[in-house]
Asker: 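Below you will find the structure I want to go over with you.
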Amino acid sequence: MPFVSIEQIAGHAGEEITVRGWLYNLRESGKLLFPQFRDGTGVVQGVVSLKESPEAFQALAGLTQESSVEVTGRVRADSRAPGGHELQVTGVAVVQKIPESDPYPIQLKEHGVDFLLEKRHLWIRTPRQAAILRVRDQSIFAAREFMHQQGYALTDSPIFTPSACEGTTNLFEVAYMDDQKAYLTQSGQLYLEATAAALGKVYCFGPAFRAERSKTRRHLTEFWMLEPEAAFAHMDDMMALAEGLISYMISSVVEHCPGPLATLGRDVERLNAVRPPFPRIPYDEAIEILHRSGNQTPWGEDFGGDEETILSSQYDRPVIVHRYPASIKAFYMEPDPERPDLALGFDILAPEGYGEIVGGGERISSLELLVQRLREQNLPEEAFSWYLDLRRYGSVPHAGFGLGIERTIAWITGVEHIREVIPFPRTIYRISP
RNA sequence: UGGGGCGUGGUCCAAUCGGUAGGACGCUGCACUGUUAAUGCAGACGGUGGAGGUUCGAAUCCUCCCGCCCCAGCCA
């Protein structure tokens, strides 16, 4: 008897197959049972009659939620079944029955956030959570596929680092190395600038750690970031790469995850609108738009959640804001040659209030200017000596950006909170499970 | 780190002015041949986050502590 995954079941109508999975729910109606099985790819309803399949009926009657099973039966199209197909069960092998004395804790009812996060290791079994993780998988696969197609080589950055990318305040210290302090990385960028000078076009994809006391729906303590970096590239090249990357991720998810998107109730039309080019607005113009909208943010200040929402709500696709005041950007940002008070940096704001999903720009290539900026910021020059080597030996214009995977996936899936788009979220108040 | 909010059976909620802490789900049993988080009937288990205080009496009022949620800042 062939094993068939539930997402493939419609293609096996009329055949006898075996499904391996878990009992998602059981409705009993006299001498008829309606068990629902899930296997991680979907949910299918079974039907068992006492008269026709007494042994299967006895095996399933009273079986507890989430007990593991292998069930055999004939697939039949039936409009009364959720999903359009059901399994006429003829054989049941119970792999493990959950005892009634200790039932599965997550009901098919509403639960509170705290309870669900305490049971995250079980919560991910629910169809909605599984659909989100399915989209996460496809998004990351598509992102890596796109980067590879564009000629970018994966050169992952270290997780343990000796110093900060932009200061030490937000770093997690690790008490392990004997002689000097070690920290968990908050960005792979500095190392990517080195590998970009080695291989030309590179990227890394891995976790980043921020010891910020952020407790909003857009923040995690541990999140994943995709960071490209390219030698001889300028800010415009990176804006084009980012919009191509994001558009590719979206179209790949729309193409390969119709089931999960339907489970999530995501409006696919809004995703289909996301195609290049994305609107590009200079910071100066963004300030004007804000002022016209009644927001009085003065020139020279960075944007907060309110400002991001005003700007992004004007468009049906992500919006790129570029050329920010240099004073509010990182020390390594290349100044605009025409306006030295501006930095050649850009952010991409996702639609629908999901906020900043990309931050990046062009890096300073001049040794003298970089040293000057380090001193202005009171950063320890010796800790950056290898980084300065990149400007000593064959320095070139180069640029890159970081894309926050969880924020991007939260937007693609349409979920309220970023904590649902990573299997085991880490926040300031949660390290378990 | 600031501002706001919430902690009641395993879960989700209710409890009027300070007056015997209750319901639903879940679990058990029975009924039901097309259920859609099935339904109906019956049953069992089980709780006020913690420590003080006020009071004849505290889930309710006060103080402190703990846990969590939301917002801001920071950022992706």
Side-chain angles (χ1 to χ4, degrees), chain A residues 24-36 43 45-53 57 61-62 64-66 76 78-84 86 88 98-119 122 126-128 165-167 169-170 186-189 206-227 242 301-308 328-330 347-350 354-360 401-411 416-419 421-422 427-430:
Chain A
Y24 175 63
N25 192 21
L26 177 65
R27 299 190 191 94
E28 301 185 66
S29 179
K31 295 177 178 57
L32 262 191
L33 300 179
F34 297 97
Q36 290 186 303
V43 176
Q45 172 169 288
V47 58
V48 199
S49 98
L50 175 61
K51 195 173 167 185
E52 292 169 21
S53 307
F57 187 98
T64 43
Q65 183 192 0
E66 283 300 314
R76 193 187 62 192
D78 192 312
S79 60
R80 292 168 298 188
E86 67 182 12
Q88 289 183 284
I98 298 177
E100 290 86 352
S101 58
D102 186 18
Y104 185 71
I106 298 182
Q107 304 176 22
L108 275 56
K109 297 280 180 180
E110 287 179 19
H111 293 287
V113 171
D114 193 41
F115 173 76
L116 290 171
L117 285 171
E118 291 290 344
K119 303 289 183 194
L122 304 175
T126 60
R128 179 184 153 81
C165 180
E166 305 170 28
T169 50
N170 296 332
Q186 58 181 186
S187 164
Q189 184 202 315
F209 307 87
R210 303 272 169 91
E212 298 158 352
R213 287 182 176 76
S214 302
K215 295 175 292 184
T216 77
R217 80 183 88 163
R218 302 190 310 277
H219 287 88
L220 293 170
T221 299
E222 176 183 326
F223 66 98
W224 286 65
M225 192 156 59
L226 189 150
E227 297 177 273
E301 272 190 22
D302 208 352
F303 301 142
D306 289 348
E307 290 75 32
E308 287 180 0
I328 56 172
K329 285 294 174 184
D347 289 345
I348 301 184
L349 310 177
Y354 284 93
E356 184 184 335
I357 55 174
V358 165
F401 64 84
L403 176 134
I405 282 290
E406 282 79 16
R407 285 190 186 172
T408 305
I409 295 168
W411 163 49
E416 277 288 308
H417 201 297
I418 195 172
R419 66 186 160 218
V421 308
I422 188 167
T427 64
I428 188 166
Y429 289 135
R430 192 164 300 278

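We name chains A, B, ... by the order of the sequence lines, and we start the count at 1 in each one. Not measured: the values here are computed from a predicted model.
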Asker: Just to verify, what does Ser49(A) make a side chain to side chain contact (heavy atoms under 4.5 Å, CB included) with, not counting sequence neighbours?
Answerer: Leu32(A), Lys51(A), Glu52(A)

Asker: Could you give the CD-to-C1' distance, from Glu308(A) to C71(B), as a whole number of Å?
Answerer: 15 Å

Asker: With sequence neighbours excluded, tell me which residues meet side chain to side chain contact (heavy atoms under 4.5 Å, CB included) with Pro103(A).
Answerer: none

Asker: Tell me the interatomic distance from Lys119(A), atom NZ, to C12(B), atom P, rounded to whole angstroms.
Answerer: 11 Å

Asker: Between C69(B) and Arg217(A), counting only base atoms on the nucleotide and side-chain atoms on the residue, is there a donor-acceptor pair under 3.5 Å?
Answerer: no

Asker: If you find the nucleotide of RNA chain B closest to Arg430(A) and the one closest to Gly402(A), which residue's nucleotide is nearer the 5' end?
Answerer: Arg430(A)

Asker: Which letter, B, S or -, goes with each nucleotide of nucleotides 23-35 of chain B from 5' to 3', with contact meaning a protein heavy atom under 4.0 Å?
Answerer: --BSSS---BBBB

Asker: Identify the stems formed by RNA chain B, where each pair is Watson-Crick or G-U wobble with both distances under 3.5 angstrom and a stem is at least 3 consecutive pairs.
Answerer: B:1-7 with B:66-72, B:10-13 with B:22-25, B:27-31 with B:39-43, B:49-53 with B:61-65

Asker: Which residues pass the side-chain hydrogen bond (donor to acceptor under 3.5 Å, both in side chains) test with Thr64(A), not counting sequence neighbours?
Answerer: Ser67(A)

Asker: Tell me, please, which residues at least two apart from Lys31(A) pass side chain to side chain contact (heavy atoms under 4.5 Å, CB included).
Answerer: Leu50(A)

Asker: What is the distance, rounded to the nearest whole Å, between atom CE of Met225(A) and atom P of C75(B)?
Answerer: 13 Å

Asker: Could you tell me which residues satisfy salt bridge (charged side-chain N to carboxylate O under 4.0 Å, His left out) with Arg76(A), sequence neighbours excluded, listed by chain and number?
Answerer: Asp78(A), Glu86(A)

Asker: Expressed in angstrom and rounded to an integer, what is the separation of Phe401(A) atom CZ from A76(B) atom C1'?
Answerer: 12 Å

Asker: Taking CZ from Phe223(A) and P from C75(B), how many angstroms apart are they, rounded to a whole number?
Answerer: 12 Å

Asker: Might you list the N or O atoms of the protein lying below 3.5 Å from N or O atoms in nucleotides 1-5 of chain B, with each pair's distance?
Answerer:
residue, atom, partner, partner atom, Å
U1(B), OP1, Arg213(A), NE, 3.2
U1(B), O4, Arg213(A), O, 3.3

Asker: Which whole-number value in Å describes the distance from Gln189(A) CD to C75(B) P?
Answerer: 14 Å

Asker: Can you name the side-chain hydrogen bond (donor to acceptor under 3.5 Å, both in side chains) partners of Glu307(A), sequence neighbours left out?
Answerer: Asn295(A), Thr297(A)

Asker: Can you measure Phe209(A) atom CZ to A76(B) atom P for me and round it to whole angstrom units?
Answerer: 16 Å

Asker: Can you give the donor-acceptor pairs under 3.5 Å from side chains of residues 401-410 of chain A to other protein atoms, not counting sequence neighbours?
Answerer:
residue, atom, partner, partner atom, Å
Glu406(A), OE1, Trp224(A), N, 2.9
Glu406(A), OE2, Arg136(A), NH1, 2.9
Glu406(A), OE2, Arg136(A), NH2, 3.1
Glu406(A), OE2, Trp224(A), N, 3.4
Arg407(A), NE, Arg218(A), O, 3.0
Arg407(A), NH1, Glu356(A), O, 2.8
Arg407(A), NH2, Arg218(A), O, 3.3
Arg407(A), NH2, His219(A), NE2, 3.4
Thr408(A), OG1, Gly404(A), O, 2.7

Asker: Can you tell me how far OH of Tyr354(A) sits from CD of Glu308(A), rounded to the nearest 0.5 angstrom?
Answerer: 14.0 Å

Asker: Nearest whole Å is fine: how far is A76(B) P from Ile348(A) CD1?
Answerer: 13 Å

Asker: Under 3.5 Å, is there any donor-acceptor pair linking the side chain of His111(A) to the base of C12(B)?
Answerer: no

Asker: For residues 110-118 of chain A, dump all side-chain donor-acceptor pairs below 3.5 Å to protein atoms at least two apart in sequence or in another chain.
Answerer:
residue, atom, partner, partner atom, Å
His111(A), NE2, Gln107(A), N, 3.0
His111(A), NE2, Gln107(A), O, 3.3
Asp114(A), OD1, Arg430(A), NH2, 2.8
Glu118(A), OE2, Arg430(A), NH1, 3.4

